[in-house]
Structure formats: C-alpha cells, structure tokens
Asks: 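One structure is given below, represented as structure tokens, and several questions about it will come after.
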Amino acid sequence: MSNREQRTLSVPEGVAGERIDSALTRVLGLSRTAVVKLLEDGDIRTSGKAMAKSDRVSANQVIDVLMPAPINQDPIPLTPLEGLSIVYDDDAIVVIDKPVGCAAHPSPGWTGPTVVGALMAAGYSISTSGAAERQGIVHRLDVGTSGLMIVAKSDRAFTVLKDAFRNRTVDKIYHALIQGHMDPTTGTIDAPIDRHPKEDHRFAVVATGKDSITHYEVIEFYRGVSLAKVELETGRTHQIRVHFSALNHPLVGDTTYGADPVLAKSLEMRRPWLHAKELMFDHPITGEHLSFEAPYPADLTRSLALLSDAVLP
C-alpha cells in the first residue's frame, strides 16, 4: 500500500449534486471503473465513513481518497510518434495535432502509442499533476479522433487549464462528416448522455444522463452526407458521436454508433470522420488569447475527394 497516495479534496461546485462515482471520475481524472473499484473497497470516505456509488456529493464536501496504485510500475513507454505535430510550445504548455490511432495517455489494455509517451520521448517536461499515467493531460481526444490537444508542462498550467475546461471557457470546434442532410442546417442538440444501459463500451442519450449540449452548422453538402462544424458546450465522452447518432445522422465511418459500413468502405474510412479542427483559449500563465487550427489529415482529405468525384455506390 506504500505506493498509493492519500488525497483529501473539497468537492467543486461544478459537480455538486452528482453521484460520487460520476463526480470523482471528472475531478480525479480516473476512469469510472477505477472509481467504482475504490468505492467497493472502501477507499473513498467522508467524515470517516465509506461512501457508496449511489451517494451524491455536495459543494465543498470534504472527501478522502486512497488513490489506486499506478497501472504498472514500469515507466510510461517512451515511443516516438510518427504523425504527431507540435503546433505551439512554451514553458507552460504544448499544443499538438494528434494523429489517429494514438491515445492521450496509457490505460489498461492499451498497448499502442500515447501522447504522453511521445512527448516524453521527445524530451518534453510534462506536469506531474493528476494521476501518474495522465501526466499533463487536461483534456482528451478518442484514439480514433485526430486534431488539436493541449498538454500542460507546468503544474500551475495544469491547474488553470483544468479549471478552464471545467468552467467551459475553452472553445473547441470539430469538423464532422455526417450521414444524410441535416435539417435545419444549424441548430443545437440538447440531450443528456450517460453510459449505454446494456453495452458498457458505448454511451447513449438517456433521460437520467448528464447535461450535454452540442451546437452545429452545416458548411458543405455532398451526395448523401453533410460536412458540419460542431462546437461543444459540454464535453461528455463520445458526445458528438452519440448526439448525431441519436438524430439518425451518425458520423461517417462510426459503425459503433450505427454508421453504414458500405458507405465507410466506399470512402476508405476506417474510423469516425471527426477532427478537432480549432482550439481557442486564454494562456494559463500570461492570459494571452490563443487560437489554433489544424488541417485535415490524409484519410479525411481522401474521403472528401472521393465524395467530390462521386465514387459512391
């Protein structure tokens, strides 16, 4: 047990009223599975009493957490990552353009490349705040999503950026290729999201889920599909994919959420057509407003060319 860290935290107002498993997943940066295991083992307590996963937290409630041991005792694999581009770099942060097929950080069962490992292999110093395996990671993109990410290099930057994401002062704009033609062409999807009631690897729109808001604007029509600019007001796991699937307009290539596999094959898409295109935020140390944009990677560009050439069944 000597390698486990004891933490005492005060519940932020932003998660007040949530179930303890949901709240600590967000606050601690752990997976929901890890938090539930801590609860089952009696490692999460308030006023000396073990908490249950159905308990709800209140603002400023003091909670003691015996953090889990690191995923393993080996150092994070330092594997250089082909395709990872450095967009911006200073003493506090680094902004990257993440390629598809790369996870943000190590996790159980993932043996592929990670942003953390690639940056460390390149000699970058990363904040040690947060869970050991998630060093410097203040927000994530799915393995199958490309585009812009911020990584904190200093502990101060990590704290400020985590607060900025929690307070929704970071603007993230994605481009998504959606099956069908959206009507209306601009709108807001306001539908709560939580884990799928029967399939734990998926998420779904459910009445008891967390508030989830997605704004969209169609910027191009192709035969049978729409290219949309998407802005997240909230940042739930798989939010864009779940919201458009719930409207019967799944992302091209996203067979997990109901996309047409024949269309995906025609466009040579082997992942959801989703790219974190723009990122705007205030620098965590200087306060300077920063704005970045990342070009489409080759697979997304190729699929649009195929659409333009009308090479579809």
Asks: Restricting to pairs with a member in residues 178-193, which pass side chain to side chain donor-acceptor pair (under 3.5 Å), not counting sequence neighbours?
Replies: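 Applying side chain to side chain donor-acceptor pair (under 3.5 Å) to every pair that reaches into residues 178-193, excluding sequence neighbours, yields Thr188-His215.
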
Asks: Which residue pairs pass the salt bridge (charged side-chain N to carboxylate O under 4.0 Å, His left out) test when at least one of the two sits in residues 278-293, sequence neighbours left out?
Replies: Lys277-Glu293

Asks: Any donor and acceptor pair, going by atom type alone, linking the side chain of Ser245 with main-chain N or O of Pro250 inside 3.5 Å?
Replies: no

Asks: So Leu247 and Ile189, side chain to side chain contact (heavy atoms under 4.5 Å, CB included) or not? Walk me through it.
Replies: CA-CA 9 Å; Leu247 296 180; Ile189 308 169; 3.6 Å; yes

Asks: In terms of hydrophobic clustering (I, L, V, M, F, W, Y; side-chain heavy atoms under 4.5 Å; direct or indirect links), are Leu38 and Val62 co-clustered?
Replies: no

Asks: State the CG-OH distance between Leu279 and Tyr174, to the nearest 0.5 angstrom.
Replies: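 One finds 8.5 Å between CG of Leu279 and OH of Tyr174.
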
Asks: Can you tell me if Arg236 uses its side chain to pair, donor with acceptor, with the backbone of Asp211 under 3.5 Å?
Replies: yes

Asks: Flag the pair Phe203 / His238 as yes when their ring centroid distance falls below 6.0 Å, and as no otherwise.
Replies: yes

Asks: Sequence neighbours excluded, which residues qualify as side chain to side chain donor-acceptor pair (under 3.5 Å) partners of Glu268?
Replies: Arg302

Asks: Would you give me the side-chain donor-acceptor pairs under 3.5 Å for residues 47-54, sequence neighbours excluded?
Replies:
none

Asks: One pair to check against side chain to side chain contact (heavy atoms under 4.5 Å, CB included): Ile96 and Leu148. What are the steps and the verdict?
Replies: CA-CA 6 Å; Ile96 65 162; Leu148 294 167; over 6 Å; no

Asks: Identify, with sequence neighbours excluded, every residue that meets ring-ring contact (aromatic ring centres under 6.0 Å, His included) alongside Tyr222.
Replies: none

Asks: Hey, what do you get for OG1 (Thr114) to CG (Leu119), rounding to the nearest 0.5 Å?
Replies: 8.5 Å

Asks: Specify the closest pair of heavy atoms between Cys102 and Lys98, including all atoms of both residues, with the distance to one decimal.
Replies: O-NZ, 2.7 Å

Asks: Determine, using the 4.5 Å side-chain heavy-atom cutoff (strictly less than), whether Ile213 and Leu274 are members of one ILVMFWY cluster.
Replies: no

Asks: State plainly whether one hydrophobic cluster holds both Val11 and Val35, where clusters connect Ile, Leu, Val, Met, Phe, Trp and Tyr through side-chain heavy atoms under 4.5 angstrom apart.
Replies: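 Cluster IDs for Val11 and Val35 match.
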
Asks: Roughly how far, to the nearest 0.5 Å, is the OG atom of Ser127 from the CZ atom of Phe158?
Replies: 5.5 Å

Asks: Would you say Ile285 and Leu290 are hydrophobically clustered, going by side-chain heavy atoms of ILVMFWY under 4.5 Å?
Replies: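 No; tracing contacts between hydrophobic side chains, which count when under 4.5 Å, never links both residues.
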
Asks: OG/Ser226 to CG/Leu177 distance, rounded to the nearest 0.5 angstrom?
Replies: 8.0 Å

Asks: Does a side-chain heavy-atom distance below 4.5 Å link Asp64 with Ile44?
Replies: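 In short, these two side chains do not touch, never coming nearer than 4.5 Å.
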
Asks: Check residues 165-172 and write down every donor-acceptor pair under 3.5 Å in which the side-chain atom is one partner and the other belongs to a residue at least two apart or another chain.
Replies:
residue	atom	partner	partner atom	Å
Arg166	NH1	Asp163	OD1	2.9
Asn167	ND2	Asp163	O	3.1
Thr169	OG1	Ala164	O	3.2

Asks: Going by side-chain contact (heavy atoms from CB on, under 4.5 Å), name the residues that satisfy it together with Asp97, two or more places apart in sequence or in a different chain.
Replies: Ser85, Val87, His275, Ala294, Pro295

Asks: Mind checking side-chain contact (heavy atoms from CB on, under 4.5 Å) for Ser303 and listing every partner two or more places apart, or none if nothing turns up?
Replies: Leu267, Met269, Trp273

Asks: So does Arg195 get a backbone contact from the side chain of Arg202, meaning a donor-acceptor N/O pair under 3.5 Å?
Replies: no

Asks: Would you check, one step at a time, whether the test side chain to side chain contact (heavy atoms under 4.5 Å, CB included) holds for Arg271 with Asp299?
Replies: CA-CA 9 Å; Arg271 52 107 166 189; Asp299 62 335; 2.9 Å; yes

Asks: Could you list the residues that satisfy ring-ring contact (aromatic ring centres under 6.0 Å, His included) with Tyr88, not counting sequence neighbours?
Replies: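 In terms of ring-ring contact (aromatic ring centres under 6.0 Å, His included), with neighbours along the sequence ignored, Tyr88 is linked to Phe292.
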
Asks: Any chance you could measure Gln239, atom CD, to Glu233, atom CD, to the nearest 0.5 Å?
Replies: 9.0 Å

Asks: Linking Ile, Leu, Val, Met, Phe, Trp and Tyr through side-chain heavy atoms less than 4.5 Å apart, which residues share a cluster with Ile173?
Replies: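 Met280, listed by chain and number.
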
Asks: With no hydrogens and no angle check, is any side-chain donor or acceptor of Arg56 less than 3.5 Å from a backbone partner on Gly17?
Replies: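 Checking the backbone N and O of Gly17 against the side chain of Arg56, a donor-acceptor pair under 3.5 Å is found.
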
Asks: Are Val160 and Ile150 connected, step by step, through hydrophobic side chains (Ile, Leu, Val, Met, Phe, Trp, Tyr) whose heavy atoms are closer than 4.5 Å?
Replies: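 No, separate clusters.
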
Asks: Could you state the interatomic distance from CG (Asp43) to NZ (Lys37), rounded to the nearest 0.5 Å?
Replies: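 Answer for the CG-NZ pair, Asp43 versus Lys37, is 7.5 Å.
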
Asks: Start with the C-alpha distance between Ile178 and Val252, add both sets of side-chain angles, then the distance that settles side chain to side chain contact (heavy atoms under 4.5 Å, CB included), and finish with yes or no.
Replies: CA-CA 6 Å; Ile178 301 161; Val252 170; over 6 Å; no

Asks: Could you name each residue pair satisfying salt bridge (charged side-chain N to carboxylate O under 4.0 Å, His left out) that touches residues 142-158, not counting sequence neighbours?
Replies: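 Applying salt bridge (charged side-chain N to carboxylate O under 4.0 Å, His left out) to every pair that reaches into residues 142-158, excluding sequence neighbours, yields Asp89-Lys153, Asp142-Arg241.
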
Asks: Could you please spell out the steps behind the side chain to side chain donor-acceptor pair (under 3.5 Å) verdict for His243 and Thr214?
Replies: CA-CA 8 Å; His243 269 171; Thr214 302; 2.7 Å; yes

Asks: Hey, is the main chain of Ile137 close enough, under 3.5 Å, to the side chain of Arg140 for a donor-acceptor pair?
Replies: no

Asks: Under the rule for side chain to side chain donor-acceptor pair (under 3.5 Å), what residues qualify as partners of Ser291, not counting sequence neighbours?
Replies: none

